[in-house]
Amino acid sequence: QVQLAESGGGLAQAGGSLRLACAASGRTASSYAMGWFRHAPGMERVPVGAVNWRRSQTYIADSVKDRFTVSRDNDKNTVYLQMNNLKPEDTAVYYCAAGAFDLRLGVRPTYWGQGTQVTVSS
C-alpha cells in the first residue's frame with residue numbers, strides 16, 4: 001500500500017508561481033511512476049505531468065508544457081510540480097497519483113492523494 005500526501009496548494013495571482021509537492025510513503029513507493037492530475041469545476045480530471053521512478057521519462061500535458069515542470073526526489077520519495085506563469089484556467093484541485101508510467105496519461109494511477117486546491121485570481 002502506498003500513501004500520498006500533497007502540499008503546496010493555495011491562492012496565487014495570475015502570472016505567479018506555486019510549487020506542489022507529493023510525498024509518498026509505503027514499502028514500494030519508490031518503484032512507481034508519480035505524477036499529477038487536475039480536476040477543474042465542470043471538467044473531467046486530466047493529466048498534467050508525471051515522471052517515472054528512474055527519472056528517465058517525463059510527461060507534461062501540452063496545455064502546460066511551457067509553464068509547468070515535474071521533478072522527483074527519490075531520496076525523499078517526493079514528486080514536485082513547479083507551476084509558473086499561472087493563469088486563472090489553472091484553477092483546479094490537483095491530485096497526486098502513483099502507478100505505472102504511461103506515455104499518454106503520464107501515470108496510470110494505482111494510488112491517489114486527497115488533492116490540493118489551487119486557485120488563480122486574475
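All of these numbers come straight from a predicted model, not from anything done at the bench.
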Trainee: How would you list, by chain and number, every residue that makes a ring pair (Phe, Tyr, Trp, His ring centres under 6.0 Å) with Tyr95, sequence neighbours excluded?
Mentor: none
Trainee: Are Ile60 and Val107 connected into the same hydrophobic cluster when the rule is that any two of I, L, V, M, F, W, Y join if their side-chain heavy atoms are below 4.5 Å apart?
Mentor: no
Trainee: I'd like to know if Leu105 and Leu4 are part of one continuous hydrophobic network [Ile/Leu/Val/Met/Phe/Trp/Tyr, side-chain heavy atoms within less than 4.5 Å].
Mentor: no
Trainee: Are there more than 12 heavy atoms of other residues, nucleotides or ligands under 6.0 Å from atom CD of Gln114?
Mentor: no
Trainee: How far does CG of Leu20 sit from OG1 of Thr78, to the nearest 0.5 angstrom?
Mentor: 12.5 Å
Trainee: Do the side chains of Tyr111 and Leu81 join up, straight or via other hydrophobic residues, at under 4.5 Å, putting them in one cluster?
Mentor: yes
Trainee: Checking Glu6 side chain against Cys96 main chain: does a donor-acceptor pair fall under 3.5 Å?
Mentor: yes
Trainee: Centres of the Tyr32 and Phe101 rings: under 6.0 Å?
Mentor: no
Trainee: Drop me the distance from Met83's CE to Leu18's CG, to the nearest 0.5 angstrom.
Mentor: 4.5 Å
Trainee: For the residue pair Ala98 and Met34, what are the closest heavy atoms and their distance?
Mentor: CB-CG, 4.2 Å
Trainee: Without swapping roles, check the side chain of Arg108 against the backbone of Gly99 for a donor-acceptor pair under 3.5 Å.
Mentor: no
Trainee: Going by the ring-ring contact (aromatic ring centres under 6.0 Å, His included) test, which pairs reach into residues 37-90, not counting sequence neighbours?
Mentor: Phe37-Trp112
Trainee: Measure the shortest side-chain to side-chain distance between Arg38 and Asp90 over non-hydrogen atoms and say whether it is less than 4.5 angstrom.
Mentor: yes
Trainee: Does Gln117 reach the side chain of Tyr94, with side-chain heavy atoms less than 4.5 Å apart?
Mentor: no
Trainee: Can you run down the side-chain hydrogen bond (donor to acceptor under 3.5 Å, both in side chains) pairs that involve residues 9-23, sequence neighbours left out, and say none if there aren't any?
Mentor: Ser17-Asn84
Trainee: For Ser63 and Ala61, indicate whether the former's side chain and the latter's backbone hold a donor-acceptor pair under 3.5 Å.
Mentor: no
Trainee: Measuring from atom OG of Ser122 to atom CD of Glu89, what distance do you get when rounded to the nearest 0.5 angstrom?
Mentor: 10.0 Å
Trainee: Are the side chain of Thr91 and the backbone of Val120 linked by a donor-acceptor contact shorter than 3.5 Å?
Mentor: yes
Trainee: Working note: Val70 + Val79, criterion side-chain contact (heavy atoms from CB on, under 4.5 Å); need CA distance, chi angles, decisive distance, verdict.
Mentor: CA-CA 7 Å; Val70 64; Val79 65; 3.8 Å; yes
Trainee: May I ask you to decide if Gln57's main-chain N or O and Asn52's side chain share a donor-acceptor pair within less than 3.5 Å?
Mentor: yes
